[in-house]
K.L.:
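Please find one structure pasted underneath; my questions will follow.
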Protein chains: 2
Amino acid sequence: MEQATYRELMHRLSEVGAVKRGLARNLPPDLPAGSAGVLGLLSQHGEMTISELTEVLAVDISVTSRHVSYVADQGWLERSPNPADGRSRLLRLTDARRDLLAGFSDHITELLAERLCDWSDDEVHELIRLMAKLHDSLVCPAHMFTHARS
Amino acid sequence: MEQATYRELMHRLSEVGAVKRGLARNLPPDLPAGSAGVLGLLSQHGEMTISELTEVLAVDISVTSRHVSYVADQGWLERSPNPADGRSRLLRLTDARRDLLAGFSDHITELLAERLCDWSDDEVHELIRLMAKLHDSLVCPAHMFTHARS
DNA sequence: TATTGTTATACTCTATAACTATA
DNA sequence: TATAGTTATAGAGTATAACAATA
């Protein structure tokens, strides 16, 4: 594989930042992207602990703790004791906010559907598959990254 | 297209952050990823202005200005007058640092080659193509993003 | 007037480290 | 001892706004 190919891959990865920032601008001002990510996962998976969220989000647990504190303070979450482990709590969306979140999600979805109207279903699925594979190849293998250059 | 598909697309986009952070950890501590991105573009394109860099990086020009100031202070850049426009300067890598930057680039390339050894050439190229298409669909069209939800 | 770039400010996201509580 | 989570701190990246210089 050409070195230029890898260089272009890195450039395309950096461009994803612009895509994400653009999508985040379609969220309400009091719901930053990181917090919305937490809510989205809870919407999909139901009750989760901070550790479980942390694994999916691929960030440090301190980051997840921060996002969760914020959305809980904003009234998005209920926290109940975890019967399986007294050190953690089970997080879930409040019923009062579930529909509101669904509305935000619908809004983003409609935007994507509109903007990606010239994409085939296969292309969308292939992009998802390849991004997942990239994550598996680069992030999941423990200790993949050397710590620093000399 | 299913709403769940778009939701997964958003999740995969957020995972890219973990990929980029992992790659950035393989840069020297005094060369943050944003600065490295500027140097990479100058390495590819030769002389560029801050406006040109800004367009490729898809960030605000104030961000590019900051990154350029940093790498210039660190001795990576020379700035010469732009004969075509007195408001800007032409930026280029110093000869003294060109090989050093190439070494960093080689290091990342080798890491990617090793980690993506089970990818076919077609898969890598298809991922690059689809990420570029995603950027075109979502970022390039001017005024694509509405400003906020009510 | 419009564009290029700079700077000050503020906000978001993240990691590290020190800590508490529970397993 | 090990794990789940919290908090304080610091650093990187970004956007907005006000500004200066040039087109």
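The analysis underlying the following values was restricted to heavy atoms, covering all of them including side chains, and did not include hydrogens, waters or symmetry mates. Keep in mind it's a predicted model, so treat the numbers as computed, not measured. Chain letters run A, B, ... following the sequence lines, proteins first and then strands; every chain starts at 1.
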K.L.:
Scan side-chain atoms only and decide if A:S88 and A:T49 contain a donor-acceptor pair under the 3.5 Å cut-off.
P.N.:
no
K.L.:
Tell me: CG of A:L27 to C1' of C:dC13, nearest whole Å?
P.N.:
15 Å
K.L.:
Checking all strands, does B:A24 fall into the base, sugar-phosphate, or nothing category for heavy-atom contacts under 4.0 angstrom?
P.N.:
nothing
K.L.:
Hey, does B:R66 reach any base, or is it just sugar-phosphate, or nothing, if we go heavy atoms under 4.0 Å?
P.N.:
base
K.L.:
Shorter than 3.5 Å, N or O on both sides, protein versus nucleotides 16-22 of chain C: list them out with atom names.
P.N.:
unit_1, atom_1, unit_2, atom_2, d
C:dT16, O4, A:S62, OG, 2.9

K.L.:
With a 4.0 Å cutoff (strictly under), does any side-chain N or O of B:S65 reach OP1 or OP2 of C:dG5?
P.N.:
no
K.L.:
Can you see which heavy atom on A:R115 is nearest to which on B:S137, and at what distance?
P.N.:
CD-O, 3.2 Å
K.L.:
Do B:L90 and B:V71 share a hydrophobic cluster (ILVMFWY, side-chain heavy atoms under 4.5 Å, transitive)?
P.N.:
no
K.L.:
From CZ of B:R21 over to C1' of C:dA15, roughly how many Å is that when rounded to an integer?
P.N.:
9 Å
K.L.:
By nearest heavy atom, map A:Y70 and B:V68 onto DNA chain C; which one lands nearer the 5' end?
P.N.:
B:V68
K.L.:
What heavy-atom pair brings B:E47 and B:E52 nearest, and what distance separates the two atoms?
P.N.:
O-OE1, 4.2 Å
K.L.:
Between which nucleotides of DNA chain D, 5' to 3', does chain B make heavy-atom contacts below 4.0 Å?
P.N.:
D:dA12 to D:dA23
K.L.:
May I ask you to evaluate whether A:H67 reaches the phosphate of C:dT12, defined as a side-chain N or O under 4.0 Å from OP1 or OP2?
P.N.:
no
K.L.:
Nearest 0.5 Å, what's the CG-CZ distance between B:D60 and B:R66?
P.N.:
12.0 Å
K.L.:
What distance separates B:Y70 OH from B:L31 CG, expressed to the nearest 0.5 Å?
P.N.:
7.0 Å
K.L.:
Can you tell me which residue among B:R89, B:R92, B:R98 is in a salt bridge (Lys or Arg N to Asp or Glu O under 4.0 Å) with B:E78?
P.N.:
B:R92
K.L.:
May I ask you to say what B:T64 touches in the nucleic acid, namely base, sugar-phosphate or nothing, with a heavy-atom cut-off under 4.0 Å?
P.N.:
nothing
K.L.:
Between B:H45 (side chain only) and B:L41 (backbone N and O only), is there a donor and an acceptor less than 3.5 Å apart?
P.N.:
yes
K.L.:
Between A:E123 and B:R129, does any side-chain N to carboxylate O distance fall below 4.0 Å?
P.N.:
yes
